Amino acid sequence: LLGFDGVRNLVQDAGAFARLHLRPRAVLEGFAGRGNGEVDVLFLARGGGGVVADLALLLEYVCEIPGIDRVRYTTSHPKEFTQRLIDAHARLPKLADHVHLPVQSGSDRVLTAMKRGYTVLEYKSIVRRLRAARPGICLTSDFIVGFPGETAADFEATLALVRDVGFVDGFCFKYSPRPGTPAADLPAQPPEAVARYRMERLLDLLRALGKRVLLTTNAHPISLRVK
């Protein structure tokens with residue numbers, strides 16, 4: 001359990017809790033008793049110790065704790081967005097009106113090259129069901145530009161997805177090869193200048209969409225992240 005500025009982060013690893021004989025509820029109740037009313041849950045999608053649970057169940061337990069008024073969470077992959085998790089947004093009012101849902105690209109061809117395991121249509125289906133469960137929810141995401149083989153059409157598909165979904169912010173990364181990874185050997189990486197230009201276009205669009213949300217809601221601004 002980590003803390004900063006009064007916000008507590010719960011790292012969910014059933015195996016670690018079992019090995020260390022920790023009781024997460026007791027720890028969270030202690031934090032809540034000291035006036036820490038917001039909890040961030042980071043779901044690592046790892047099991048262990050014979051414990052079978054999912055993120056939706058974890059969120060239900062956290063939301064039951066007196067003194068915790070708002071809960072937000074992060075998971076690293078859309079595959080963790082089960083229907084149970086989506087439905088939790090309809091029945092757990094303590095969940096924040098924000099979800100970070102990584103997509104990386106709006107091109108099916110690039111997503112396949114990245115081995116992400118989902119299509120743009122499947123991703124948009126999650127968004128549609130999530131907004132049906134919690135109308136007005138704000139979405140942020142992760143994006144990679146300049147992935148090997150990314151064409152101008154692939155990048156335009158990413159911009160189109162950003163517009164369609166209406167993301168209000170994002171972690172934006174410019175691809176750089178890392179030795180020993182499968183992508184490092186892929187051909188046709190876009191030139192540095194092209195990747196930089198695409199990054200700026202993506203950031204400009206995200207800024208514009210974020211400003212639009214601020215003008216129509218009481219949301220607080222979120223700083224764009226670039227790497």
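Bear in mind that the values here come from a model prediction, so they are computed numbers and not experimental data.
Within a 6.0 Å sphere centred on NZ of Lys124, heavy atoms belonging to other residues, nucleotides or ligands number 12 at most.
Residue Ile137 holds its CD1 atom at 4.5 Å from CG of Leu130, rounded to the nearest 0.5 Å. Note that OH of Tyr123 and CG of Leu111 are 10.5 Å apart. Values are rounded to the nearest 0.5 Å. Here the straight-line distance linking atom CZ of Arg84 with atom CG of Leu55 works out to 9.5 Å at 0.5 Å rounding. Going from atom CD of Gln104 over to atom OH of Tyr175 covers 12.5 Å, rounded to the nearest 0.5 Å. Phe81 contributes atom CZ, which lies 15.0 Å from atom CD of Glu122 (distance to the nearest 0.5 angstrom). Expressed to the nearest 0.5 Å, how far CG of Leu101 lies from CG of Asp142 amounts to 9.5 Å.
Using a 30° and 60° split on the angle between ring planes, His98 and His100 fall in the tilted class, from 30° to 60°.
Between the side chain of Asp164 and the backbone N or O of Leu161 there is no donor-acceptor pair closer than 3.5 Å. The backbone N or O of Ala157 sits nowhere less than 3.5 Å from a side-chain atom of Ser107 that would complete a donor-acceptor pair. Between the Arg134 side chain and the Leu95 main chain, a donor and an acceptor come within less than 3.5 Å of each other. Without hydrogens or angle criteria, Asp108 side chain to Val120 main chain gives a donor-acceptor distance under 3.5 Å. The closest donor-acceptor contact from the side chain of Arg163 to the backbone of Leu205 lies at 3.5 Å or more, if one exists at all. Panel note: side chain Lys174, backbone Gly146; no donor-acceptor pair is recorded below 3.5 Å.
Remark: Phe143 engages Phe167 in a ring pair (Phe, Tyr, Trp, His ring centres under 6.0 Å) (not counting sequence neighbours). Partners of Tyr118 according to the ring pair (Phe, Tyr, Trp, His ring centres under 6.0 Å) rule, which considers only residues two or more places apart in sequence or in another chain, are His77.
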Evaluate Ile126 against Lys79 for side-chain contact (heavy atoms from CB on, under 4.5 Å), listing each step before the verdict.
CA-CA 10 Å; Ile126 296 173; Lys79 70 180 181 181; over 6 Å; no
Give the intermediate values and the outcome of side-chain contact (heavy atoms from CB on, under 4.5 Å) for residues Leu209 and Val168.
CA-CA 6 Å; Leu209 293 173; Val168 299; 5.8 Å; no
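In terms of heavy atoms, Pro78 sits closest to Pro102 at CG-O, 3.1 Å. Residue Lys94 comes nearest to Ile68 through the heavy atom pair NZ-O, 2.7 Å, listed as atom of the first residue, atom of the second, then distance.
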Give every donor-acceptor pair under 3.5 Å between a side-chain atom in residues 193-202 and any protein atom, sequence neighbours left out.
{"from": "Arg198", "atom 1": "NH1", "to": "Glu150", "atom 2": "O", "distance (Å)": "3.2"}
{"from": "Arg198", "atom 1": "NH1", "to": "Glu150", "atom 2": "OE1", "distance (Å)": "2.8"}
{"from": "Arg201", "atom 1": "NH1", "to": "Glu156", "atom 2": "OE2", "distance (Å)": "2.7"}
{"from": "Arg201", "atom 1": "NH2", "to": "Glu156", "atom 2": "OE2", "distance (Å)": "3.3"}

